[in-house]
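Side-chain atoms are counted along with the backbone in the values below, which use heavy atoms only and exclude waters and symmetry mates. Numbers for residues simply follow the sequence, beginning at 1. All values derive from a computational prediction rather than experimental measurement.
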Amino acid sequence: QLQLVESGGGLVQAGGSLRLSCAASGRTFSAYFMGWFRQAPGLEREFVAAISGNTGSTNYQDSVKGRFTISRDNAKATVDLQMNSLRPGDTAVYYCAGRRDFDWTIPPTTGYNYWGQGTQVTVSS
């Protein structure tokens, strides 16, 4: 199993920045493909970004490209999401997610088996 705990959320003004962190425990962290998702009030949970276990290959939702950066530190078993130029539309609960990184054919937006409890990000205008 893989246990995930998010932190770093908060309230910021539009144009500001936040850095979210996800701490993982339970198994060999480098064996997991990790992602960030978010869910705004009244909307379904949506994919934000993902990063592969060892190669560090990344994927992003179009709306966050150039603004958000996902990274990982396998030695520390953490995954971060640096969020810059935040917009009110980025307001949501952000979730850290993981899956075993065995099959490269699985799209980065799906297949996650492990989830954190989420951290609130609120962007005011």
Side-chain angles (χ1 to χ4, degrees):
Q1 64 178 3
L2 183 69
Q3 296 182 355
L4 306 172
V5 180
E6 305 95 334
S7 63
L11 173 64
V12 298
Q13 296 181 4
S17 299
L18 279 176
R19 188 177 185 88
L20 306 183
S21 184
C22 173
S25 63
R27 301 292 302 276
T28 301
F29 185 62
S30 62
Y32 291 88
F33 192 97
M34 303 298 297
W36 284 96
F37 290 73
R38 66 187 182 186
Q39 186 170 20
L43 300 177
E44 294 296 316
R45 186 175 299 181
E46 66 177 356
F47 170 79
V48 176
I51 185 167
S52 63
N54 287 308
T55 66
S57 178
T58 59
N59 295 91
Y60 297 93
Q61 182 197 106
D62 288 343
S63 68
V64 307
K65 289 181 179 177
R67 300 189 299 123
F68 291 10
T69 301
I70 187 171
S71 61
R72 68 189 295 157
D73 187 331
N74 287 337
K76 295 181 179 179
T78 58
V79 177
D80 290 354
L81 184 69
Q82 178 65 48
M83 305 184 295
N84 299 325
S85 301
L86 284 163
R87 308 163 180 169
D90 295 319
T91 296
V93 176
Y94 283 70
Y95 297 89
C96 178
R99 75 184 194 211
R100 295 289 285 178
D101 194 4
F102 289 153
D103 191 347
W104 59 269
T105 65
I106 301 176
T109 57
T110 189
Y112 296 90
N113 308 107
Y114 306 98
W115 297 84
Q117 295 181 337
T119 184
Q120 177 70 48
V121 172
T122 302
V123 184
S124 63
S125 62

**Study point:** Partners passing salt bridge (charged side-chain N to carboxylate O under 4.0 Å, His left out) against Arg67 (at least two apart in sequence or in another chain)
**Key:** Asp90
Practice item. Please name all residues satisfying salt bridge (charged side-chain N to carboxylate O under 4.0 Å, His left out) with Arg19, sequence neighbours left out, ordered by chain then number. Key: Asp80
Quick check: is [Y] connected to [X] through a chain of hydrophobic side chains (ILVMFWY, heavy atoms under 4.5 Å apart)?
X      : Y      : value
Ile51  : Leu2   : yes
Val64  : Val93  : no
Val123 : Leu18  : yes
Phe33  : Tyr114 : no
Tyr112 : Val48  : no

Exercise for review: Could you go through the side chain to side chain contact (heavy atoms under 4.5 Å, CB included) check for Thr91 and Gln120 one step at a time?
Suggested key: CA-CA 8 Å; Thr91 296; Gln120 177 70 48; 4.1 Å; yes
Exercise for review: May I ask you to check if Arg99 and Tyr32 form a cation-pi contact, with NZ or CZ under 6.0 angstrom from the six-membered ring centre and within 45° of the axis?
Suggested key: no
Practice item. Would you check, one step at a time, whether the test side chain to side chain contact (heavy atoms under 4.5 Å, CB included) holds for Trp115 with Arg45? Key: CA-CA 12 Å; Trp115 297 84; Arg45 186 175 299 181; 3.2 Å; yes
Review point. Heavy-atom distance under 4.5 Å between the side chains of Met83 and Leu20, does that happen here?
Key: yes
Check your understanding: Do Asn74 and Asn54 come close enough that some side-chain heavy atom pair is under 4.5 Å?
Key -> yes
Are any side-chain N or O atoms of [X] and backbone N or O atoms of [Y], one a donor and one an acceptor, separated by less than 3.5 Å?
X      : Y     : value
Thr119 : Tyr94 : no
Ser57  : Ser52 : no
Gln61  : Phe47 : yes
Asp101 : Gly53 : yes
Arg72  : Phe29 : yes
Gln117 : Glu6  : no

How close do [X] and [Y] get, counting heavy atoms only, and between which atoms?
X      : Y     : result
Ala23  : Thr78 : CA-CG2, 4.3 Å
Ser125 : Pro88 : CB-CG, 3.6 Å
Ala40  : Ala92 : N-CB, 3.8 Å
Ile70  : Gly35 : CD1-CA, 4.5 Å

Just how far is it from atom [atom1] of [X] to atom [atom2] of [Y], taken to the nearest 0.5 Å?
X     : Y      : atom1 : atom2 : result
Tyr60 : Thr69  : OH    : OG1   : 4.5 Å
Glu46 : Ser63  : CD    : OG    : 6.0 Å
Leu11 : Thr122 : CG    : OG1   : 6.0 Å
Thr28 : Arg100 : OG1   : CZ    : 7.0 Å

Exercise for review: Walk me through it: do Met34 and Leu4 pass the test side chain to side chain contact (heavy atoms under 4.5 Å, CB included)?
Suggested key: CA-CA 10 Å; Met34 303 298 297; Leu4 306 172; 3.7 Å; yes
